[in-house]
> 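Take this structure, written in structure tokens, and hold onto it; I'll ask about it next.
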Amino acid sequence: MRGMEHTPDEFESIMRQIDDELGKQGVPVFKRPLVAATKYPCKNKLIGNFEPDPRMGSYEGPNLFVSIDKWYKKYYPVHSVLPDRLHTRIVLLRGEPFRLRIPYVFNAFGKLKVFDYLEDVSPALLDLIDERQRLILQRRFDVFCRETSNILLCIAVTKTAEKTLVPQLLKAGWADLKSCGGGFNRQDPGSTLFPAQQATEKYLKAYLLFRDDSVTEKDLKGKYGHKIEELLSACAAISAEFEQVLPDIDRLSFDQGVRYQRPNLTLHDIVDRIDLSHSICNLIASLLIKLQKSGYTC
């Protein structure tokens, strides 16, 4: 409720206490704004990719994270800034792959411009890109930023999951996603197919393990193994949200042989599969965040 919002002095006191606790726990400063937001006590809290709401106070709704982020930049102006080369995605310009850096920024609505983060694009090539293509690139960049933020937020808020394999799977899957972009090889683009598949498999397993108390770590190995279609079907039986990706999951159905013998796919097909893997992992991350009491609302 608006009337129950903390005063600036109360906010300052609460933040000092939370920051002290996070410091004792060894949480790096660049991670503390996100963790502090999950711990901040309030009844109307939103954490994630939400636009600021001018109708709400500074310490409630989506505005809370903005205030916390400003608090950390005030006290830790250097340590709170993370280099923007956190993640890399691949985009095609006139059929050629280019790396797109994805910064670690939450709620960056209307602030970031795609061409500030696109690598190795010559001024001459930029002149060839028309307004429609520029708009498409900007929209894709915005989606990539939201996906990265959601996945990292999910990893943060599930650190204390009852089944310890859940956060381990999420972190390992994130490492696979990072290798898809950071390790992309123009001479061998198919090398990204296996980590793209592995990331999706790990996130599906994490969701299934988190949601179904009857599923054990032994089940994940024996019953499901690397059968990504069966994993998705099991997740779809729990949440109808997964039905939207059921028709596309076969595009990520690679066995380990793909590491040695590449399938006959175009560059567009390969990049499309990388994007699909990110999209599915983002869906799972969003669902897990909503399930955590310390996530979207508390």
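Being a predicted model, the structure only gives us computed values, none of them experimental.
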> What are the two closest heavy atoms between Ala37 and Phe65, and how far apart are they?
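It is CB-CD1, 3.7 Å.
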> Just how far is it from atom CZ of Arg273 to atom CG of Asp248, taken to the nearest 0.5 Å?
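Spacing of CZ (Arg273) from CG (Asp248) equals 9.5 Å.
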> Do the side chains of Leu135 and Phe144 join up, straight or via other hydrophobic residues, at under 4.5 Å, putting them in one cluster?
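No, Leu135 and Phe144 fall in different hydrophobic clusters.
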> At their closest point, which heavy atom of Pro41 faces which heavy atom of Ile18, and how far apart are they?
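Between these two residues, the closest heavy atoms are CD-CD1, 4.5 Å.
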> Could you tell me if the side chain of Glu96 sits less than 4.5 Å from the side chain of Arg186, heavy atoms only?
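Yes - at least one pair of side-chain heavy atoms lies under 4.5 Å apart.
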> At what distance, to the nearest 0.5 angstrom, does NZ of Lys73 lie from NZ of Lys70?
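Answer for the NZ-NZ pair, Lys73 versus Lys70, is 10.5 Å.
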> Do Ile238 and Tyr224 belong together in a cluster built from hydrophobic side chains that touch within less than 4.5 Å?
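Same cluster: Ile238 reaches Tyr224 through Ile, Leu, Val, Met, Phe, Trp or Tyr contacts under 4.5 Å.
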> Between Leu100 and Ile136, is there shared hydrophobic-cluster membership here, with clusters defined by ILVMFWY side-chain heavy atoms closer than 4.5 Å?
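No; Ile136 is not reachable from Leu100 via cluster members.
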> Apply side-chain contact (heavy atoms from CB on, under 4.5 Å) to the pair Arg259 and Phe254, showing each step before the final yes or no.
CA-CA 9 Å; Arg259 293 185 294 176; Phe254 304 112; over 6 Å; no
> Answer yes or no: are there more than 12 heavy-atom neighbours, outside Gln261 itself, under 6.0 Å from its atom CD?
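No.
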> Side chains of Leu93 and Leu137: does their closest heavy-atom pair fall under 4.5 Å?
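Side-chain contact under 4.5 Å: yes.
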> Looking at Arg89 and Glu147, is any side-chain nitrogen of the basic one under 4.0 Å from a carboxylate oxygen of the acidic one?
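Salt bridge flag = yes for Arg89 with Glu147.
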> Decide side-chain hydrogen bond (donor to acceptor under 3.5 Å, both in side chains) for Tyr76 and Asp19; before the verdict, give the C-alpha distance in whole Å, the side-chain angles of both, and the deciding distance to 0.1 Å.
CA-CA 11 Å; Tyr76 303 93; Asp19 183 62; 2.7 Å; yes
> Test your reading of the model: is there a side-chain donor-acceptor pair from Arg262 to the backbone of Asp188, 3.5 Å cut-off?
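No, the answer is negative, given that no donor and acceptor are paired below the 3.5 Å cut-off.
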> Closer than 3.5 angstrom, by distance alone: can the side chain of Ser179 be matched with the main-chain N or O of Asp176 as a donor-acceptor pair?
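Side chain of Ser179 to backbone of Asp176, a donor-acceptor pair under 3.5 Å: yes, one is there.
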> Show your reasoning for whether side-chain contact (heavy atoms from CB on, under 4.5 Å) applies to Lys202 and Gln168.
CA-CA 9 Å; Lys202 287 166 185 163; Gln168 293 175 24; over 6 Å; no
> At what distance, to the nearest 0.5 angstrom, does CD1 of Ile90 lie from CD1 of Ile274?
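Taking CD1 in Ile90 and CD1 in Ile274, the distance rounds to 6.5 Å.
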> Compare all side-chain heavy atoms of Arg32 with those of Val29 and state whether any distance is below 4.5 angstrom.
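SC-SC contact between Arg32 and Val29 confirmed.
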> As an exercise, state the distance from CG of Asp9 to CD1 of Ile14, rounded to the nearest 0.5 Å.
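Nearest 0.5 Å value for the CG-CD1 distance: 11.0 Å.
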> In terms of side-chain heavy atoms, does Asp269 have a donor or acceptor partner in Thr266 at a distance below 3.5 Å?
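On atom types as modelled, these side chains qualify, holding a pair under 3.5 Å.
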> I'd like to know whether Leu287 forms a side-chain contact (heavy atoms from CB on, under 4.5 Å) with Arg211, so could you lay out the CA-CA distance, the side-chain angles of the two residues, the decisive distance to 0.1 Å, and finally the verdict.
CA-CA 10 Å; Leu287 293 174; Arg211 286 299 312 272; over 6 Å; no
> Mind listing the closest non-hydrogen atom pair of Asn150 and Ala285 along with its distance?
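Scanning both residues, the minimum pair turns out to be O-CB, 3.7 Å.
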> Parallel, tilted or perpendicular: which describes the rings of Phe141 and Tyr117, with under 30° parallel and over 60° perpendicular?
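It falls in the parallel class, under 30°.
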> Is there a side-chain contact between Val114 and Arg140, using heavy atoms and a 4.5 Å cut-off?
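No, every pair of side-chain atoms sits at 4.5 Å or beyond.
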> Does the side chain of Thr216 pick up a donor-acceptor pair with the side chain of Asp219 at under 3.5 Å?
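Yes, because at least one side-chain N or O of Thr216 sits under 3.5 Å from a partner of the opposite role on Asp219.
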> For the side chain of Ser67 and the backbone of Tyr59, is there at least one donor-acceptor N/O pair under 3.5 Å apart?
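No, the answer is negative, given that no donor and acceptor are paired below the 3.5 Å cut-off.
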> Do Glu119 and Thr88 have side-chain heavy atoms sitting under 4.5 Å apart?
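They are not in side-chain contact.
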> Hey, are the side chains of Lys205 and Leu231 touching, using non-hydrogen atoms and a 4.5 Å cut-off?
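Side-chain contact under 4.5 Å: yes.
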> Taking 4.0 angstrom as the limit, do Arg132 and Asp130 come out as a salt bridge?
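Salt bridge flag = no for Asp130 with Arg132.
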> What closest approach, in Å, do Cys145 and Ile102 show between heavy atoms, and which atom pair accounts for it?
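Looking at all heavy atoms of both residues, the shortest contact is CA-CG2, 3.9 Å.
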> Do Trp71 and Tyr75 have side chains that get closer than 4.5 Å, going by heavy atoms?
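Yes; the side chains approach each other to less than 4.5 Å.
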> Salt bridge check: are Asp20 and Arg16 linked by an N-O gap of less than 4.0 Å?
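Between Arg16 and Asp20 there is no salt bridge, as every charged N stays at least 4.0 Å from the carboxylate O atoms.
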> Salt bridge check, Lys221 against Glu217: does any charged N sit closer than 4.0 Å to a carboxylate O?
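Salt bridge flag = no for Lys221 with Glu217.
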> Check whether any side-chain heavy atom of Trp174 lies under 4.5 Å from a side-chain heavy atom of Cys281, and answer yes or no.
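They are not in contact (no side-chain heavy atoms under 4.5 Å apart), so the answer is no.
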> Identify the two heavy atoms, one from Leu170 and one from Cys154, that lie closest to each other, and give their separation to 0.1 Å.
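Looking at all heavy atoms of both residues, the shortest contact is CD1-SG, 3.8 Å.
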> Can you confirm whether Arg139 is buried at CZ, in the sense that more than 12 heavy atoms of other residues, nucleotides or ligands lie under 6.0 Å from that atom?
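Atom CZ in Arg139 is not packed in, count stays at 12 or less.
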> Between Leu252 and Ile280, is the side-chain contact (heavy atoms from CB on, under 4.5 Å) condition met? List the steps.
CA-CA 11 Å; Leu252 290 172; Ile280 295 174; 4.0 Å; yes
> Over all heavy atoms of both residues, which pair between Ile151 and His278 is shortest? Give the atoms and the distance, please.
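Nearest pair, atom of Ile151 first, then His278: CD1-O, 4.3 Å.
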> Between atom SG of Cys235 and atom CG of Asp212, what is the distance when rounded to the nearest 0.5 Å?
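Answer rounded to 0.5 Å: 9.5 Å.
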> Does Met56 offer a backbone N or O that forms a donor-acceptor pair with the side chain of Asn63 under 3.5 Å?
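Confirmed, Asn63 side chain pairs with Met56 backbone.
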> At what distance, to the nearest 0.5 angstrom, does CD1 of Ile249 lie from CG of Leu204?
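The distance works out to 6.0 Å.
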> Using only atom types and a distance under 3.5 Å, with no angle test, would you say the side chain of Gln138 pairs donor to acceptor with the backbone of Phe115?
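Side chain of Gln138 to backbone of Phe115: no pair is present.
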> Suppose we call two aromatic rings close when their centres sit under 6.0 Å apart. Are Phe11 and Tyr40 close by that rule?
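Ring centroids of Phe11 and Tyr40 are less than 6.0 Å from each other.
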> Given 3.5 Å as the limit, does a donor-acceptor pair link the side chain of Ser149 with the main chain of Arg146, or not?
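Checking the backbone N and O of Arg146 against the side chain of Ser149, no donor-acceptor pair under 3.5 Å is found.
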